[in-house]
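Data first, discussion second: the structure below is written as structure tokens.
All residue numbers in this chain count up from 1 along the given sequence.
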Amino acid sequence: ALTGARYVAVGLGTDPEWAFEPWVSRGMPRAAAEKIGRNPGPAGMLGADVVPDDQRSIRVPDVRREAFFRGFPPDHPEMKGFLAVPIRYHKRRIGNLFLATREGDADLTAQDQRMVEMLAARAAVALETTKLYTGEAQQRAWLRSVIEQLPEGVVILDREGRVVTTNRALLSFLNDGRGSLEGR
């Protein structure tokens with residue numbers, strides 16, 4: 001919507017040996033995407049050949065005329081104007097935003113590039129925050145599972161000495177009929 005690009009995609013990942021995961025696109029007809037089948041990877045037109053490690057965005061008026069362009073897969077719609085913007089966090093690329101073919105075949109502009117670069121910067125912060133939150137949640141779930149499996153009674157207290165969590169072994173040992181100790 002910001003640029004009027006007909007095709008937009010976001011790919012996370014930087015290893016050319018693996019497909020982007022996730023790969024989210026808009027504008028590609030579903031039938032064409034299903035015929036292509038697989039997610040593309042960060043190689044060739046969508047990888048370091050285009051968005052090099054020095055983190056620059058690439059904007060070209062006709063992708064088909066560029067040295068890095070090696071053709072589209074069968075059933076891929078034709079694309080012309082192309083903008084590739086790295087998504088980076090703390091100077092480390094974590095993926096790319098791609099836009100192609102502006103409505104009416106107008107060129108993607110320097111203003112479009114600036115807007116997409118700002119969007120990519122905000123997306124990077126959101127992605128890293130989500131990654132950290134998810135990692136912490138997984139660690140907590142793993143720790144909770146380990147504590148539950150211990151045959152010994154376990155009680156974890158906060159700094160004020162209030163019960164944060166217990167395991168079944170402790171509750172069965174206490175068996176005072178008051179249920180959970182949390183908050184006591």
Side-chain angles (χ1 to χ4, degrees), residues 1-139 141:
L2 290 173
T3 65
R6 229 181 268 158
Y7 306 103
V8 179
V10 177
L12 298 184
T14 58
D15 186 342
E17 300 296 318
W18 296 91
F20 285 117
E21 185 56 44
W23 172 259
V24 180
S25 65
R26 183 167 181 157
M28 172 82 70
R30 177 172 281 164
E34 287 172 358
K35 284 183 181 178
I36 294 168
R38 58 174 171 61
N39 288 355
M45 186 168 99
L46 302 179
D49 300 350
V50 176
V51 185
D53 288 334
D54 67 6
Q55 311 294 314
R56 291 177 292 135
S57 297
I58 302 295
R59 181 172 43 93
V60 296
D62 190 344
V63 69
R64 300 166 298 183
R65 292 195 173 123
E66 298 299 318
F68 58 78
F69 180 71
R70 295 185 182 102
F72 291 116
D75 300 307
H76 196 284
E78 284 297 314
M79 296 180 179
K80 186 179 173 193
F82 183 76
L83 174 61
V85 175
I87 301 171
R88 55 183 173 254
Y89 187 75
H90 289 298
K91 298 183 181 182
R92 181 180 56 89
R93 185 165 37 109
I94 58 175
N96 298 312
L97 265 167
F98 303 102
L99 288 84
T101 310
R102 193 169 192 189
E103 294 296 333
D105 283 337
D107 289 344
L108 291 158
T109 66
Q111 176 66 18
D112 295 331
Q113 181 175 332
R114 283 189 296 276
M115 287 190 299
V116 174
E117 286 171 346
M118 289 189 306
L119 177 63
R122 286 176 175 79
V125 171
L127 288 165
E128 284 299 312
T129 301
T130 300
K131 184 177 172 182
L132 291 172
Y133 177 77
T134 301
E136 184 178 318
Q138 287 173 338
Q139 288 175 350

Contact summary for Gly11 and Phe20, nearest pair of heavy atoms | C-CD2, 3.3 Å
Please report the closest heavy-atom contact between Ser57 and Gln113, naming both atoms and the distance.
-> CB-NE2, 3.4 Å
Rounded to the nearest 0.5 angstrom, the CD-CZ distance for Glu117 and Arg114 is 8.5 Å
With Val10, the side-chain contact (heavy atoms from CB on, under 4.5 Å) member among Leu127, Leu119, Leu97 = Leu97
Does a side-chain heavy-atom distance below 4.5 Å link Tyr89 with Val125?
-> yes
Point-to-point distance, once rounded to the nearest 0.5 Å, from OG1 of Thr14 to CZ of Arg88 = 14.0 Å
Arg6 versus Gly104, closest heavy-atom pair with distance | NH2-N, 3.8 Å
What's the shortest heavy-atom distance between Val8 and Ala5, and which atoms?
-> CG2-CB, 4.2 Å
Over 60° means perpendicular and under 30° means parallel, so classify the ring planes of Phe98 and Trp23, tilted if in between.
-> tilted
The reported gap from OG1 in Thr101 to CG in Leu108 (rounded to nearest 0.5 angstrom) is 8.0 Å
Of all heavy-atom pairs linking Tyr7 and Met79, the shortest is CG-CE, 3.4 Å
Exercise: identify the closest heavy-atom pair between Arg64 and Asp62 | NE-OD1, 2.9 Å
Side-chain ion pair, Arg102 and Asp112, N-O less than 4.0 Å = yes
Report yes if the side chains of His76 and Met28 come closer than 4.5 Å at any heavy-atom pair, otherwise no.
-> yes
Rounded distance (nearest 0.5 Å) linking atom CG of Asp107 with atom CG of Leu83 | 11.5 Å
